[in-house]
There are 2 protein chains.
Amino acid sequence: MGDNPGVSEPTLDEQIAAYQREFQDLDPQVEKIVSALSRLNRRMNVAYGRQTAGLGISNAEWEVLKALVLSGAPYRMGPSDLAKRLGLTPAAMTHRIDRMVSEGLVTRERDEANRVRVIVELTAEGREKWLEAMRLASGFEEDLLQDLSSEERNALGDALTRLLRRVEHAQPDAGGRLSDLD
Amino acid sequence: MGDNPGVSEPTLDEQIAAYQREFQDLDPQVEKIVSALSRLNRRMNVAYGRQTAGLGISNAEWEVLKALVLSGAPYRMGPSDLAKRLGLTPAAMTHRIDRMVSEGLVTRERDEANRVRVIVELTAEGREKWLEAMRLASGFEEDLLQDLSSEERNALGDALTRLLRRVEHAQPDAGGRLSDLD
DNA sequence: AGGCTAAAGTTCGAAGCTAAACAGTACACG
DNA sequence: CGTGTACTGTTTAGCTTCGAACTTTAGCCT
């Protein structure tokens, strides 16, 4: 009895057809773009998750490593800045840092110049982990775009940045804590 | 003291420049696409979240409504099928359905033909909520793509579906519960 | 039939997150 | 100076999720 095809993974086109059946005022061209975007992003996150898991770090930890590396040498940030950057509450950041300190990926110390602040700093091991993850990720990304010519890549990048600009302008970040990592 | 620009929201280009500084083997064209994809997706999810919140439902609930509507009339699915569709464990599904039943969005009843199974069915109110959310979402999406010509939209949709096909082939869904909604 | 295996859904305990209350520190201003 | 105000990071309580054990039912196999 078990097999029930079509439930767990409808094709993109099937899905769009279903949407049109249920909601006529839908531009299939628009919906195709939006659905593909969403789906693509999710698959990619799964792929990243597997790669980082293979290195013994979680996706969450990888995000912290990325933020620290992107901040540039000497790879230091305060917990609140990290939290803003990752789109988390400071509370969540506290726990994440706890974990990462105990795993030797970062250190945490008080800022002697301003004793309210805490400095989270990447360790050599953390940097190494980031590098390994980065190698895997960039390989995967290169692979993903393999079918697109350089012109197509340019056009794609251009279209996406235009969409991004639009969504960023349209929404003045009312909530406060919206920006986050990629 | 407070203001610390550049920490909470680096420009896409700034970010890519930083990546290149730290990791030379990186194709900026590729990274631009990937970063824009990720960022764009996140902003869109935030926007969806606000819209559904305005309707009194959570993003999580909206996903369930979408899955049910997409399944077609009579808008019924089992909890496990829903869970697979949304990429959740059955345990999480149980609780979500509890909530939605108590809010009148769906009903839950045993399948008399096969008493192991449970049937989750959309209520009229649930369908109405879906419709309202859909109207908002499609308006937002139309707005988002406003700057792109029809040719550009076609090219974008085409490029994205090609990427999607590639990522779906490259990863044979080894984990089992990977597919989910958009 | 009688029992074995498989599957659906729920329940239980642990992990991670959020929002809100709570400290501790620095700076401004009377 | 000393007090008020703002800001940083941690703690606490509640919610959602996951992984795994458990219950109930269905179908198979001698």
Side-chain angles (χ1 to χ4, degrees), chain A residues 1-4 7-8 42 45-46 49 52-53 57-64 76-103 106-121 175-178 180-181, chain B residues 1-4 7-8 42 45-46 49 52-53 57-64 76-103 106-121 175-178 180-181:
Chain A
M1 181 192 293
D3 208 24
N4 197 346
V7 162
S8 70
R42 237 177 293 230
N45 283 338
V46 170
T52 55
I57 61 178
S58 72
N59 223 325
E61 288 164 339
W62 188 37
E63 283 175 19
V64 178
R76 298 174 164 197
M77 293 180 77
S80 298
D81 292 335
L82 275 169
K84 275 185 209 121
R85 192 81 182 62
L86 300 183
L88 301 172
T89 59
M93 209 59 233
T94 294
H95 298 311
R96 245 188 225 193
I97 294 170
D98 286 346
R99 228 176 308 142
M100 294 181 71
V101 166
S102 78
E103 292 167 344
V106 301
T107 58
R108 165 162 44 191
E109 55 187 272
R110 292 212 96 78
D111 182 350
E112 289 305 327
N114 180 342
R115 301 189 44 75
V116 159
R117 296 205 163 152
V118 167
I119 299 177
V120 177
E121 179 171 341
R177 186 179 30 72
L178 288 191
D180 39 9
L181 205 60
Chain B
M1 181 192 292
D3 207 25
N4 197 344
V7 163
S8 70
R42 237 178 292 231
N45 283 338
V46 170
T52 56
I57 62 179
S58 71
N59 223 324
E61 287 165 338
W62 187 37
E63 283 175 18
V64 177
R76 299 174 163 199
M77 293 179 78
S80 299
D81 291 335
L82 275 170
K84 275 184 209 122
R85 192 83 182 60
L86 300 184
L88 302 172
T89 59
M93 210 59 235
T94 294
H95 299 311
R96 251 192 221 190
I97 293 170
D98 286 347
R99 225 177 312 141
M100 294 181 73
V101 166
S102 79
E103 292 168 343
V106 302
T107 59
R108 164 162 44 190
E109 56 185 272
R110 293 214 92 80
D111 182 349
E112 288 305 327
N114 181 343
R115 302 189 43 75
V116 158
R117 296 205 162 151
V118 167
I119 299 177
V120 178
E121 180 172 339
R177 184 179 31 72
L178 289 191
D180 38 11
L181 203 59

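Chain letters run A, B, ... following the sequence lines, proteins first and then strands; every chain starts at 1.
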Open item on the list: From CZ of B:Arg115 over to C1' of C:dA7, roughly how many Å is that when rounded to an integer?
Closed with: 16 Å

TODO: Specify the separation, in whole Å, of atom CZ of A:Arg108 and atom P of D:dG9.
DONE: 10 Å

Task: Derivation of the side chain to side chain contact (heavy atoms under 4.5 Å, CB included) call for A:Met100 and A:Ile57 - done: CA-CA 9 Å; A:Met100 294 181 71; A:Ile57 61 178; over 6 Å; no

Task: Interatomic distance, B:Glu61 CD vs D:dC15 P [rounded to whole Å] - done: 14 Å

Open item on the list: Please report the distance, rounded to the nearest Å, between NE2 in A:His95 and C1' in C:dA15.
Closed with: 11 Å

Task: Side-chain N,O (B:Arg99) to OP1/OP2 (D:dT16) below 4.0 Å - done: yes

Open item on the list: With side chain to side chain contact (heavy atoms under 4.5 Å, CB included) as the criterion, how do B:Thr52 and B:Glu61 come out once you've worked through the C-alpha distance, each side chain's angles and the decisive distance to 0.1 Å?
Closed with: CA-CA 9 Å; B:Thr52 56; B:Glu61 287 165 338; over 6 Å; no

Task: Student check: side-chain heavy atoms of B:Asp81 and B:Lys84 closer than 4.5 Å - done: yes

Task: B:Ala91 side-chain proximity, nearest of C:dT10, C:dG9, D:dG19 - done: D:dG19

Open item on the list: Do A:Arg108 and A:Asp98 have side chains that approach each other closer than 4.5 Å (heavy atoms only, starting at C-beta)?
Closed with: yes

Open item on the list: Does a side-chain N or O of B:Arg96 approach OP1 or OP2 of C:dT10 to a distance below 4.0 Å, or not?
Closed with: no

Task: Separation of D:dT10 C1' from A:Asp98 CG (nearest whole Å) - done: 9 Å

Open item on the list: Could you tell me how far apart B:Met93 (CE) and D:dC18 (C1') are, to the nearest whole angstrom?
Closed with: 14 Å

TODO: Among the candidates C:dT10, C:dG24, D:dT25, find the nucleotide nearest to the side-chain atoms of A:Val116.
DONE: C:dG24

Open item on the list: With a cut-off of less than 4.0 Å, is there a side-chain N or O of A:Arg117 near OP1 or OP2 of C:dA26?
Closed with: no

Task: B:Arg76 CZ to B:Asp111 CG distance, which is reported to the nearest 0.5 Å - done: 8.5 Å

Task: Validation row: B:Thr94, B:Pro79 side chains within 4.5 angstrom (heavy atoms) - done: no

Open item on the list: Please tell me if A:Ser80 has a side-chain N or O lying less than 4.0 Å from either OP1 or OP2 of D:dG9.
Closed with: yes

Task: Among D:dT17, D:dT12, C:dT25, the one nearest A:Asn114 by side-chain distance - done: C:dT25

Open item on the list: So does A:Ala60 get a backbone contact from the side chain of A:Arg96, meaning a donor-acceptor N/O pair under 3.5 Å?
Closed with: yes

- [ ] Could you tell me the separation between the CG atom of B:Leu88 and the P atom of D:dT16, rounded to a whole number of Å?
- [x] 13 Å

Open item on the list: Of the options D:dT25, C:dC17, C:dT18, whose atoms approach the side-chain atoms of A:Thr89 most closely?
Closed with: C:dT18

TODO: Find the runs of at least 3 consecutive base pairs, i with j, i+1 with j-1 and so on, that include DNA chain C, using Watson-Crick or G-U wobble geometry with both distances under 3.5 Å.
DONE: C:1-30 with D:1-30

Task: Interatomic distance where CD1 belongs to B:Ile97 and C1' belongs to D:dT17 [whole Å] - done: 15 Å

